[in-house]
Amino acid sequence: MTNEINIFSPATVANVSCGFDAMGFALESLGDEMIFKKTDAKEVVISKIEGANLPIEARKNVAGVVAQNMLNDSHADFGLDIQIFKNFKPGSGLGSSAASASGTAFAVNELLGKKYSDLELTKFAMQGEVIACGSAIADNVAAAIYGGFVLIRSYEPLDIVSIPTPDELVATIIHPQIEVKTEDARKVMPSEIPLKTAVSQWANVGGLISGLHAGDFDLIGRSLVDHVAEPARKALIPHFDEVKSASLDAGALGAGISGSGPSIFALSEGMETANKVKEAMNAVYKDSGIDFSIYVSRISTAGARVI
Ligand code: ADP
């Protein structure tokens, strides 16, 4: 059995406009890299973190927590040394903790000889999310483990549905480097929504899922509408409306808030349009006085993978 493994674990976009708290997708070219080595000492040690200022103490880092829980559950006769290379910033709304949690679940499973299913790995990774954000949310970690688009159909019991991804779908993402506190993003959410709003929202989820299955880009675009979170949260993200309309004018199918922000994602048909969307986002932010990064990426259909 392998004693060492290097993996890539993707950044993820949760919510996907209408799919608030129920959908997510994984990016192909943005994510964490991690190295896992088996050790004789039966403990988990994080020996290196590059690219972000995160707790190195294993029990405070999502990677350490997920690894330890899996070693305990499987009665493993080895320990682990973990190195983490972060390629995007925590707090971006792109599932930074989820990338570490799911990368760990995937890698430890490989070192255990593929003992667990993707659903079980998602459950382990969700325990990492408890450390990062206080609740066991599944949208980012499930997307990072399964790859492509996922639907969290139910939490009790956990039911993850993989949705097919059209090859030509490309994401453009702008990360304005401001802090959106999770607490604030939660506080502004309505506690109740009118029935009419709920009907529009679930109709769009149906449209989005159907559009992804059929590779119907117009339908995907028409369905990328969020009547619930976006109206409440967009005020927390400077120039949100301008970025969204500039992206649509540049040819994007739709755009919305990634996770709870501040990142904004757009989806396009083809790389050429996705790059035009990048230029349009750049034009909105370049004189804003706010630091930002823009990423263009295909959708990762594999999720976390060995490199
Ligand atoms: P976002 O989804 O907006 O990128 P996260 O949900 O990833 O943000 O939140 C990051 C939080 O998780 C930070 O408070 C960070 O300290 C904590 N955390 C603990 N371990 C890790 C890790 N390995 N990678 C990223 N964040 C981690």
Side-chain angles (χ1 to χ4, degrees), residues 7-16 19-21 23-27 30-36 44-70 80-108 122 124-145 150 152 171 173-186 229 233 236-237 256-265 292-293 295 297 304:
I7 65 108
F8 169 85
S9 185
T12 44
V13 171
N15 296 344
V16 205
F20 178 70
D21 266 4
M23 287 186 74
F25 67 82
L27 298 174
L30 184 67
D32 285 359
E33 285 169 46
M34 305 174 86
I35 302 175
F36 295 78
V44 176
V45 172
I46 298 176
S47 59
K48 187 185 274 186
I49 303 176
E50 278 182 14
N53 187 13
L54 293 168
I56 195 117
E57 205 183 323
R59 65 184 180 84
K60 291 192 180 153
N61 192 300
V62 300
V65 170
V66 172
Q68 189 65 62
N69 287 350
M70 291 177 75
L80 285 170
D81 174 288
I82 307 176
Q83 298 179 44
I84 306 173
F85 303 88
K86 306 290 298 184
N87 294 315
F88 64 106
K89 292 202 164 53
S92 55
L94 291 170
S96 173
S97 56
S100 289
S102 9
T104 302
F106 170 78
V108 177
T122 303
F124 280 118
M126 285 164 70
Q127 294 165 7
E129 290 293 68
V130 178
I131 302 293
C133 66
S135 52
I137 44 171
D139 41 13
N140 292 103
V141 291
I145 287 170
V150 292
I152 320 302
I173 289 159
I174 181 164
H175 171 211
Q177 279 157 32
I178 55 154
E179 188 187 3
V180 170
K181 291 209 177 81
T182 314
E183 198 189 337
D184 291 339
R186 281 192 191 149
R233 286 182 167 173
L236 301 172
I237 304 169
I257 303 171
S258 177
S260 53
S263 290
I264 304 167
F265 79 95
F292 64 94
S293 311
Y295 309 102
S297 173

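First listed ligand is number 1; within each ligand, the first listed atom is number 1. All values below come from the heavy atoms of this structure, side chains included, with hydrogens, waters and symmetry mates left out. Here the structure is a predicted model, which means the values were calculated and not measured.
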Who are the residue neighbours of ligand 1 when the rule is a heavy atom under 4.0 Å from any of its atoms? Leu54, Lys60, Asn61, Val62, Lys86, Gly91, Ser92, Gly93, Leu94, Gly95, Ser96, Ser97, Ser100, Ala132
Show every salt bridge (Lys or Arg N to Asp or Glu O under 4.0 Å) that has at least one partner inside residues 80-93, sequence neighbours left out. Asp32-Lys86
Does Glu57 come within less than 4.0 Å of Lys60, counting only side-chain N to carboxylate O? yes
Could you go step by step and tell me if Ser293 and Gln177 meet the side chain to side chain donor-acceptor pair (under 3.5 Å) rule? CA-CA 8 Å; Ser293 311; Gln177 279 157 32; 3.0 Å; yes
Would the distance check show the side chain of Ser258 and the main-chain N or O of Val13 forming a donor-acceptor pair, the cut-off being under 3.5 Å? no
Give the minimum heavy-atom separation between Leu54 and Pro90, together with the two atoms involved. CD2-CG, 3.9 Å
Using a 3.5 Å distance criterion without hydrogens, assess whether the side chain of Asn87 forms a donor-acceptor pair with backbone atoms of Leu30. no
